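Note on naming: letters A, B, ... go to the chains in the order of the sequence lines (proteins, then strands), and numbering restarts at 1 for each one. The structure presented is a predicted model; accordingly, all values stated were derived computationally and were not measured.
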Amino acid sequence: MNRPSNFMPTPDQDVLDVKPLRTLAPMFPAPLGVNTFNQSTSPPLIFVTPAGQFQGGFGDWNNSVAKSFFAFGSKDAGVGKAHTFGDQNADDGKAATFGDQNTDDGKAATFGDKDASGSQNTAIGDQDCAGGQPAAHWSSDVSANANGPIDTTPITVYRATQPNVISLDDDDDDDENYVANQTSASGRKIKRPSRLSRYNMNDGLGSDSSNSTKTKRPKASHKKASADNELTMVPPSGDPREIVEAVLMTFEALRRRHLQMDEAQETSKRADLKAGAIMMASNLRANNTGKRIGVVPGVEIGDIFYFRMELCVIGLHAPSMAGIDYMVAKFGDEDDSVAICIVAAGGYDNNDDDTDVLVYSGSGGNSKNNEERHDQKLERGNLALERSLSRKNVIRVVRGYKDPGCLTGKVYIYDGLYRIHESWKEKTKNGIICFKYKLLREPGQPDGVAIWKMSQKWVENPTTRGNVLHPDLSFGAENLPVFLVNDVDNDKAPQHFTYITQVKHSKPLSSMNPLKGCRCLSVCLPGDANCCCAQRNGGNLPYSSSGLLVCRKPMVYECGESCQCSFNCRNKVTQKGVRIHFEVFKTGNRGWGLRSWDPIRAGSFLCEYVGEVIDDAKCDLNSHEDDYMFQTLCPGEKTLKWNYGPELIGEQSTNISPDTFEPLPIKLSAKKLGNISRFMNHSCAPNVFWQPVQFDYEDDRHPHIMFFALKHIPPMTELTYDYGDIGTDSSGVPRAKNCLCGSSNCRGFFI
DNA sequence: GCAACTTCAGCTCG
DNA sequence: CCGAGCTGAAGTTG
């Protein structure tokens with residue numbers, strides 16, 4: 001892949017560059033073809049818009065006038081770089097003109113000029129409320145209609161559990177038996193020994209073997225914890241989507257916490273398996289009432305996953321390893337074992353351009369250990385695929401791709417329903433006979449992988465993105481360009497504002513106490529009891545080695561300037577700035593919004609809420625008019641329960657309930673000065689949350705407000721957070737707006 | 001490249 | 001016939 005080297009560097013890739021990011025030109029060069037607007041000469045820019053191709057980018061983008069208008073320099077380092085959009089001075093109007101090769105409607109293209117046509121667009125930015133159905137996401141119902149005549153009744157070869165899709169063990173005995181299984185002495189009903197028992201959270205791995213009598217005892221607290229949380233876990237609505245999301249969120253929380261512990265103890269790094277085993281043992285799963293053909297409730301086309309175990313716990317694809325999931329289903333009077341879901345691992349070179357066709361290789365035949373390769377056999381999964389060809393049942397397809405954000409990782413994308421149209425045998429390069437199945441995507445389904453492919457193409461070559469109004473709203477101030485696009489109407493720009501990357505404080509920074517730093521050499525290590533930064537965070541580093549936030553908490557303390565550790569310390573995450581390809585886009589009915597070209601993992605840092613710090617007194621006067629005011633109001637349950645995991649393994653919950661939630665005094669206005677965060681809309685079913693972070697100044701009342709991903713977010717999905725509930729703001733008169741998010745638990749209004 | 005690990009199907013046994 | 005319990009097969013992940 002021709003991925004630019006600047007693409008979401010992982011910690012391993014972090015260059016040994018200690019320049020403070022926010023005050024200098026982009027640390028990572030922008031992709032070729034994008035003018036970074038720094039002092040160096042820029043390559044010719046070719047953009048393609050629906051209106052046709054034009055050179056030189058956006059109007060006078062490349063010329064010296066533009067450059068001087070967007071003059072850079074370190075002189076404004078105090079507040080980071082500030083670049084004014086659509087300067088209000090008439091003189092600069094020309095320089096601010098963009099997005100149009102002609103001059104005839106230059107006025108309309110004038111960026112954010114308050115007098116230009118753009119001003120009609122009053123409903124912009126974060127005053128608006130995002131839909132619960134993100135742009136790249138559709139309800140499963142759509143694809144359900146495309147199923148065709150599948151009237152088979154799945155025979156459950158599965159033990160049927162409670163009809164409740166997510167069911168915690170309501171039978172305490174089960175867990176007891178599960179533990180009792182270690183001795184096999186109880187004589188009572190014994191749950192099949194999960195290999196969870198081999199995961200001892202403290203001892204690491206049992207060195208051998210599959211012999212269950214040698215297995216170690218899982219943490220005893222496990223049982224109690226799962227019972228305690230029964231009520232907090234089940235989403236009140238019973239909505240399948242909510243349940244799936246709750247299960248995935250729990251899995252992730254558990255996984256992150258286990259990884260954190262593993263990293264501290266340098267033990268096994270298979271936190272995914274541990275989390276999965278706990279979920280299985282506690283019956284914390286979705287859609288576990290039996291396998292099924294076709295749509296899985298609560299799983300939507302385009303959903304992304306990072307571990308096979310995730311597919312498992314939501315009932316999308318049961319086998320933890322195998323690529324073919326199958327079941328016995330009824331066809332008329334006959335039973336047949338047919339394939340129901342496949343995971344195309346992406347190891348084969350399919351015709352990648354046609355996302356509606358998939359040639360899938362049968363399973364087996366690979367040499368493992370000492371065995372030799374052999375021809376594939378028509379049995380199990382392969383046989384089921386063959387039966388599916390004749391039975392013509394739909395098959396769910398999950399496609400695996402290399403994770404662009406992680407060198408070694410993989411992303412799985414649910415791509416909806418396919419049907420097998422053809423099968424044949426083929427001799428592979430290795431000389432073995434292998435089965436091939438040609439699947440065609442059922443028509444009428446929303447795009448899944450197609451969107452992924454498209455946005456990946458944009459990342460590699462941004463000039464392929466159409467409808468671009470501006471190639472970088474940040475004018476080079478962010479690590480990566482922020483595109484401004486409009487696919488829906490003629491609006492040319494949001495209302496005027498000035499792009500800054502650091503919060504503007506009302507009082508001089510020198511009056512604030514610097515945060516005390518640690519003395520760790522090189523990097524802070526997890527498990528180092530002497531690291532005062534870890535201590536400040538409660539004994540653990542708040543981020544995993546890949547930079548994901550482990551837990552939401554009242555405050556996260558990163559290492560800062562006064563620490564002795566290096567730039568590469570894993571406890572420096574948010575201060576390094578944006579690592580995601582964002583675009584500000586025009587939504588259908590909620591003004592402008594924010595979304596990403598990259599897939600985003602739950603726990604990833606997105607961006608900071610940047611604006612002017614507003615004094616309390618001043619705020620009361622202004623808050624009515626300021627739609628860009630950020631306040632730490634109590635968010636909804638989804639956000640508050642992001643940390644569900646720790647309780648499951650008997651640790652103290654770090655959750656905050658609405659009753660105990662206390663807002664911080666900080667108030668930030670991004671009306672005049674701001675960054676991408678000001679475009680994030682509200683949703684009662686958000687995919688982003690805010691988290692207070694400190695790394696430079698010691699001030700619990702005025703920390704940085706950082707945004708993190710609440711769940712995995714597919715590319716091109718609108719990013720939204722919960723603006724907070726009404727009535728929690730004690731100062732001033734709260735304004736309630738009608739909420740349009742449309743989520744099943746929409747509160748109907750927001751601040 | 002290797003070691004370590006999972007879930008479930010499919011079987012046997014009582 | 002049913003459920004418990006065992007084994008083998010599948011590939012993922014670090």
Side-chain angles (χ1 to χ4, degrees), chain A residues 10 12 155-160 174 177-178 180-181 184 186-200 204-213 215-216 251 255 258-259 262-263 266-281 283 285 288 290-291 305-328 337-348 361-371 374 376-377 379-385 398 400-403 406-412 544-546:
Chain A
T10 65
D12 320 319
I155 291 181
T156 176
V157 289
Y158 224 57
R159 58 182 180 280
D174 262 10
N177 284 331
Y178 166 74
N181 176 62
S184 303
S186 74
R188 294 158 66 193
K189 188 185 79 176
I190 292 179
K191 208 174 205 174
R192 193 173 171 278
S194 158
R195 300 241 162 83
L196 165 66
S197 46
R198 268 191 264 157
Y199 290 120
N200 185 298
L205 301 174
S207 54
D208 56 11
S209 62
S210 54
N211 185 337
S212 60
T213 60
T215 56
K216 291 181 182 170
F251 172 87
R255 195 195 63 82
H258 272 285
L259 188 59
D262 286 349
E263 284 176 348
E266 292 187 67
T267 53
S268 151
K269 295 280 160 55
R270 293 302 301 271
D272 57 319
L273 298 183
K274 291 184 189 174
I278 292 170
M279 302 286 287
M280 290 293 188
N283 211 9
R285 316 164 59 171
N288 58 342
K291 294 193 179 190
F305 309 92
Y306 288 83
F307 294 93
R308 285 291 300 265
M309 209 51 94
E310 290 178 301
L311 309 178
C312 224
V313 293
I314 59 168
L316 185 61
H317 185 90
S320 58
M321 296 168 134
I324 307 167
D325 194 4
Y326 56 102
M327 68 179 290
V328 175
S337 177
V338 293
I340 55 171
C341 184
I342 58 173
V343 178
Y348 310 94
S361 302
S363 79
N366 297 319
S367 62
K368 59 177 182 188
N369 299 337
N370 304 324
E371 291 171 31
H374 56 81
Q376 291 187 344
K377 293 175 192 150
E379 58 182 22
R380 302 170 195 280
N382 297 345
L383 181 60
L385 285 168
V398 178
Y401 292 95
K402 221 174 93 54
D403 179 3
C406 170
L407 287 176
T408 55
K410 218 170 186 182
V411 189
Y412 298 96
S544 71
S545 60
S546 49

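Among the nucleotides dC8(B), dA9(C), dT12(C), the one closest to the side chain of Arg308(A) is dT12(C). When the nucleotides dT6(B), dA9(C), dT12(C) are ranked by their closest atom to the side chain of Arg380(A), dA9(C) comes out on top. Nearest nucleotide to the side chain of Met309(A), out of dT6(B), dT12(C), dA10(C): dT6(B). Here dC8(B) is the nucleotide among dC8(B), dC5(B), dT12(C) with the atom lying nearest to any side-chain atom of Met280(A). Between dC8(B), dT13(C), dC5(B), one nucleotide has an atom nearer to the side chain of Phe307(A) than all others, and that is dT13(C).
Residues forming a side-chain contact (heavy atoms from CB on, under 4.5 Å) with Glu263(A) (at least two apart in sequence, or on another chain): Leu259(A), Lys269(A), Pro526(A), Ser544(A), Ser545(A), Arg570(A). Every side-chain contact (heavy atoms from CB on, under 4.5 Å) that Ala322(A) has, sequence neighbours left out, goes to Pro319(A).
For Arg270(A) and dT13(C), a side-chain-to-base donor-acceptor distance below 3.5 Å is present, hydrogens and geometry of angles not being considered.
Taking atom CZ of Phe251(A) as the reference point, atom P of dT7(B) lies 11 Å away to the nearest angstrom. Protein atom CD of Glu379(A) is 20 Å distant from nucleotide atom P of dC8(B), rounded to whole Å. In this structure, Leu259(A) atom CG and dC5(B) atom P are separated by 16 Å, rounded to whole Å. Atom NZ of Lys274(A) is separated from atom P of dT7(B) by 14 Å (rounded to the nearest Å). One interatomic measurement links the two molecules: CE of Met279(A) to C1' of dT7(B), which rounds to 15 Å at whole-angstrom precision. Nucleotide dT7(B) holds its C1' atom 16 Å from the CD1 atom of Ile314(A), rounded to whole Å. Rounding to whole angstrom units, CZ of residue Arg255(A) and C1' of dT12(C) are separated by 14 Å. Per the geometry, CD1 belonging to Ile340(A) stands 12 Å off C1' belonging to dC8(B), to the nearest Å.
Rounded to the nearest 0.5 Å, atoms CZ (Arg255(A)) and CG (Leu273(A)) are 11.0 Å apart. Lys274(A) NZ to Met309(A) CE: the interatomic distance, rounded to the nearest 0.5 Å, is 12.5 Å.
Side-chain nitrogen and oxygen atoms of Tyr326(A) include none within less than 4.0 Å of the OP1 or OP2 phosphate oxygen of dT7(B). At dA9(B), one or more side-chain N or O atoms of Lys291(A) fall inside 4.0 Å of OP1 or OP2 (strictly under the cut-off).
Salt-bridge annotation for Arg270(A) and Asp272(A): present, with a side-chain N of the basic residue lying under 4.0 Å from a carboxylate O of the acidic one.
Of the two residues near DNA chain C, Ala322(A) and Ala271(A), the one whose nearest nucleotide lies more 5' is Ala322(A).
Heavy atoms of Asp272(A) sit under 4.0 angstrom from primed sugar atoms or phosphate atoms, though from no base atom.
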